[in-house]
Trainee: 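Below are the structure tokens for one structure; questions will follow.
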Amino acid sequence: MENILEIVNLNKSYNGIPALSNINLSVKAGEIHGIVGANGSGKTTLMNILFGNPIIRETGGYQGQISFRGNKVNFKNCAEAIRQGIGMVHQEFALIPDMTVGENIKLGRENTHSLTDRLFGRKYSFIDRKQDYENAGQTLRRLGISVDVGIKIINLSVNIRQFIEIAREIDRTDLKLLILDEPTAVLNKNDGLKLIEILKDMSDHKIGIIFISHRLEEVQYVCDKVSVLRDGKLVSQYAKGNIYVNNLAQDMIGHTINKAAAEKREMENKPVITFKDFSVKMPGEEVKNLNLSVYKGEILGLTSLSGHGKLALGYGMMDMYPVDGEVYFEDKKLVKMNARTNIIKGMYVLPDDRQGLGILADQSLESNIIFTGNQIKNMFIRDSAFNFLGFIDHRKTNLHVYKMMLDLDIKCTSIKQKVKELSGGNQQKVCIARALTVDPKLLFVAEPTRGIDISAKEKILNMLIEINRSRNTTIIIASSELDELKRVCDRIAVMVEGKIFKILSPDSSDVDFGLVLSGEEGVDCEKL
Amino acid sequence: MRIKEEASRLLDSEYMVPAIFIILSYFAWQFSGLTGSFVFNQVVTRFIRDGILVLSLIIPVVAGMGLNFAITVGAMAIQTALLIVIAYQVEGIKGILLAIIIGVLLSLVLGYVIGRILNRVKGKEMITTIIIGFLFNSIYQLIFLVGFGTFIPVANKEIILTRGIGVRNTVDLGMYRNTIDKLGLFKIGELEIPLFMIIIVLLFAAIIFYILHTRFGQEVKAVGSNMQTSEILGINTDMIRIKVMILSTILAAFGQLAYLQNIGMFDVYTAHMNADIISCAALLAGGASIKKARIRHALMGIFLFHTLFIVSPQAGQNLFNNAALGEYFRSFVAYGTIALALIINIKNENKFS
Ligand SMILES: Nc1ncnc2c1ncn2[C@@H]1O[C@H](COP(=O)(O)OP(=O)(O)OP(=O)(O)O)[C@@H](O)[C@H]1O
Ligand SMILES: [Mg+2]
């Protein structure tokens with residue numbers, strides 16, 4: 001097989017700080033090439049260079065040579081890369097929020113009417129929306145998902161958006177090289193498998209594939225070759241047959257990982273929050289008449305297949321979508337959902353959509369971490385006669401932010417660095433740090449380890465266990481990572497079609513979970 | 001609680017502004033004492049006069065560039081073309097066609113220049129288009145006040161001021177006046193319906209609908225929603241924005257042509273001046289915002305806005321017994337609409353979904 005992509009002596013730095021040094025790498029036609037590395041090791045930077053992303057030029061370009069299908073290339077913009085047959089599934093998604101699912105999937109490749117084709121050329125030809133929507137629906141079904149293609153992206157959960165981001169690329173027929181930057185970060189194992197089948201099929205059709213993932217089992221299973229990045233350097237490569245999870249982990253982190261695990265314990269069943277017939281109208285992720293009590297001081301896992309509602313509960317508590325039903329918090333009925341008053345009462349929701357809701361991208365790491373705590377609880381105001389002016393206590397802030405940075409392993413040049421300059425995983429850590437800073441009585445986190453590397457993941461899980469044990473914080477974790485939930489939760493609630501279908505003990509077997517997730521009754525499980 | 005929620009949803013919706021207009025118009029009409037058929041005929045006239053100008057605002061809004069106050073530049077382009085045609089005495093249908101060709105070419109060049117400028121001030125497009133409008137206005141004034149008759153020779157001495165330099169204040173379009181308005185004119189009792197011109201306006205609406213439903217239109221929408229993402233999706237955002245400004249300027253030129261031929265003569269130095277404010281107000285009155293505009297907003301807005309525009313001076317006059325008040329009422333209505341719509345829009349922007 002010939003090389004479809006060759007990278008020679010590639011170097012890239014941001015403001016003088018190297019992000020990639022001396023990368024040599026090649027990908028063959030039909031090869032699935034895995035790239036693994038800790039958060040901030042340069043994976044996305046490398047992909048952005050290959051795809052001609054303008055951010056690379058804006059930050060000073062790169063040095064080195066790239067050949068694509070035998071020709072030297074230096075893409076000025078993404079349009080050139082796309083024209084040459086390169087596709088990319090972006091870690092932070094490239095979806096147009098105000099457009100529908102169907103429009104997004106077909107953008108730039110819309111079906112058009114043949115009459116107007118001949119009259120005005122394809123670019124100015126009338127779009128066949130019906131045909132577009134049909135195609136888009138078919139592609140989504142290949143990924144095993146059915147969602148109304150007429151819904152606007154802005155109304156969908158991150159989980160569903162991930163499918164759409166993928167569908168846009170696999171819908172293309174002119175692909176030569178497909179780059180996938182953490183496509184499975186929010187997908188559960190089953191959904192991930194469907195994608196992998198499609199990738200294998202594409203590789204049979206001689207399409208080169210670059211696959212970035214923090215799930216090493218997945219990488220081991222699907223990749224023909226794996227490159228490991230560490231601090232911007234290529235430290236090792238393995239070919240199929242020699243790919244072992246342990247080696248990859250050792251190479252990318254440099255030390256062994258202690259998996260987080262919470263000790264089992266007896267809980268007092270005193271509800272802190274109770275949902276009665278609670279509904280959230282979030283398209284594609286609806287919660288319907290949910291009944292659930294969460295006990296004081298417990299860690300409750302919430303899981304479901306994509307689109308069955310695990311993420312919508314948090315959005316409902318933030319008043320982002322219309323809700324119905326009753327909610328009791330500490331035995332008092334909540335009259336109206338409102339993010340601000342909920343925080344004052346002691347509830348904090350960390351949504352999964354960090355780009356849209358979680359982050360102030362142009363602000364520093366520091367102000368992002370203290371933002372909510374300071375805004376609503378005045379946690380970092382200097383104590384003085386001028387309290388009302390809201391001067392920030394810098395010593396207190398610094399101390400806190402540095403502690404968070406170390407605890408969560410946030411990779412940055414300084415705590416004043418803008419959050420948008422951090423890698424995806426590190427942005428996620430900033431969101432987690434903010435939630436931990438608020439120090440609520442009830443914490444709802446959605447997909448807390450999305451895009452986080454295997455080592456930092458354990459740190460985050462340990463932090464959650466720690467604040468739960470030391471401050472008695474009640475925590476609800478909505479996640480598709482069943483394995484993580486099983487290690488930290490006291491109970492795991494499985495949702496099917498917007499309702500709590502069953503609550504399982506974390507010791508239940510994977511088989512049981514599999515059955516319950518797909519809505520099968522008749523599993524022996526103690527009702528907790 | 002349900003009722004309150006419903007009410008607040010209604011208040012936040014795009015029907016808020018049109019609803020206010022309907023109510024205000026109704027009461028103003030009652031006080032004005034004007035007959036229904038008079039108001040109707042006037043509004044229809046305004047519809048065919050201003051329709052295309054209002055429509056020319058839609059594509060820039062979809063492209064995320066806000067209200068294009070620089071449509072006055074398109075208006076000036078066609079006025080320039082008309083003056084050239086008249087100055088060289090090209091008459092009849094030939095003259096009109098030549099004016100259109102020159103006007104479109106001028107608009108194309110000017111639209112390109114405006115697009116280039118706006119690409120340098122991303123995020124501040126609206127204020128920039130206002131200033132561009134002023135700038136081109138002074139250049140235009142300069143050309144026709146001192147340029148015509150001096151270094152630009154003019155064959156038709158009738159349009160030149162007696163001192164031999166500069167164009168007269170008003171130029172008669174007698175040879176073109178109301179020629180097409182009267183085509184297919186329908187009469188139902190006292191109501192007059194100029195069918196042909198209505199169809200022309202609707203035709204332009206159809207053209208805009210068509211453009212927005214092409215691949216190009218999808219790209220315009222994408223750029224309007226998120227420029228950075230569009231760039232990553234392979235769209236040349238700068239080029240799209242330039243094309244959008246060219247289109248809008250050309251459409252505005254056609255709009256001003258329809259306007260002038262309906263009036264039948266034009267005030268060389270002022271005819272274009274309020275085209276932007278009146279058109280923007282009409283679009284907003286139909287429920288559009290600076291982020292979202294549809295064809296129905298434009299069509300509905302022209303009716304709503306001009307109804308109020310026509311009846312309010314008379315109503316003011318009757319209510320306060322002061323003849324001078326009428327004109328103040330008009331500008332109050334125009335600027336008031338823009339201010340109100342902007343406030344309501346900004347409130348809505350902070351809402352999710
Ligand atoms: N726009 C930018 N300006 C400055 N530094 C940047 C910028 N983008 C990325 N970096 C830095 O470059 C390094 C590599 O980032 P990159 O996004 O490539 O990491 P990654 O391997 O994709 O990580 P993750 O697994 O978290 O997605 C990081 O240290 C990051 O802070
Ligand atoms: Mg990344």
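Note on naming: letters A, B, ... go to the chains in the order of the sequence lines (proteins, then strands), and numbering restarts at 1 for each one.
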Trainee: Among A:A79, A:P322, A:P54, single out the residue with the greatest number of heavy-atom pairs under 4.5 Å to chain B.
Mentor: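 Between A:A79, A:P322, A:P54, the count favours A:A79.
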Trainee: Do any of residues 115-125 of chain A come closer than 4.5 Å to chain B, heavy atom to heavy atom, and if so which ones, in number order?
Mentor: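 Against chain B, the residues of residues 115-125 of chain A that fall inside the cut-off (heavy atoms, under 4.5 Å) are A:T116, A:F120, A:R122, A:K123, A:Y124, A:S125.
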Trainee: Within this structure, what is the CG-CG distance for the pair A:N77 and B:D238, rounded to the nearest 0.5 Å?
Mentor: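 Reported value, rounded in 0.5 Å steps: 10.5 Å.
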Trainee: Quick one: pull up CD in B:Q228 and CG in A:N53 and give me the separation to the nearest 0.5 Å.
Mentor: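 Between atom CD of B:Q228 and atom CG of A:N53 there are 9.0 Å.
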Trainee: Can you check whether A:L107 reaches B:I235 side chain to side chain, under 4.5 Å on heavy atoms?
Mentor: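 Side-chain contact under 4.5 Å: yes.
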Trainee: Quick one: which of A:M99, A:H113, A:R168, A:K152 has the most heavy-atom pairs under 4.5 Å with chain B, could you say?
Mentor: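 The option with the most such pairs is A:M99.
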Trainee: More than 12 heavy atoms of other residues, nucleotides or ligands under 6.0 Å from CZ of B:R116: is that the case?
Mentor: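 No.
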Trainee: Inspect the surroundings of CZ in B:R215 and state if more than 12 heavy atoms from other residues, nucleotides or ligands are less than 6.0 Å away.
Mentor: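 For B:R215, atom CZ is crowded (more than 12 foreign heavy atoms under 6.0 Å).
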Trainee: For the atom pair NE2 (B:H213) and CG (A:D128), what is the distance rounded to the nearest 0.5 Å?
Mentor: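 Here the interatomic distance stands at 12.0 Å.
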Trainee: Distance from B:K221 atom NZ to A:T100 atom OG1, nearest 0.5 Å?
Mentor: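 The NZ atom of B:K221 sits 7.5 Å away from the OG1 atom of A:T100.
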Trainee: Counting only non-hydrogen atoms closer than 4.5 Å, does A:L95 touch chain B with its backbone (N, CA, C, O), its side chain (CB onward), both, or neither?
Mentor: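 When you check distances to chain B, only backbone atoms of A:L95 fall under 4.5 Å.
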Trainee: Measure the CD1-CE distance between A:I96 and B:M227 for me, rounded to the nearest 0.5 Å.
Mentor: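 These two atoms lie 11.0 Å from each other.
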Trainee: To the nearest 0.5 Å, how far apart are CD1 in A:I82 and CG in B:L233?
Mentor: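 With rounding to 0.5 Å, CD1 (A:I82) is 6.5 Å from CG (B:L233).
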Trainee: With a 4.5 angstrom heavy-atom cut-off, which part of A:D98 approaches chain B: side chain, backbone, both or neither?
Mentor: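 Both backbone and side chain.
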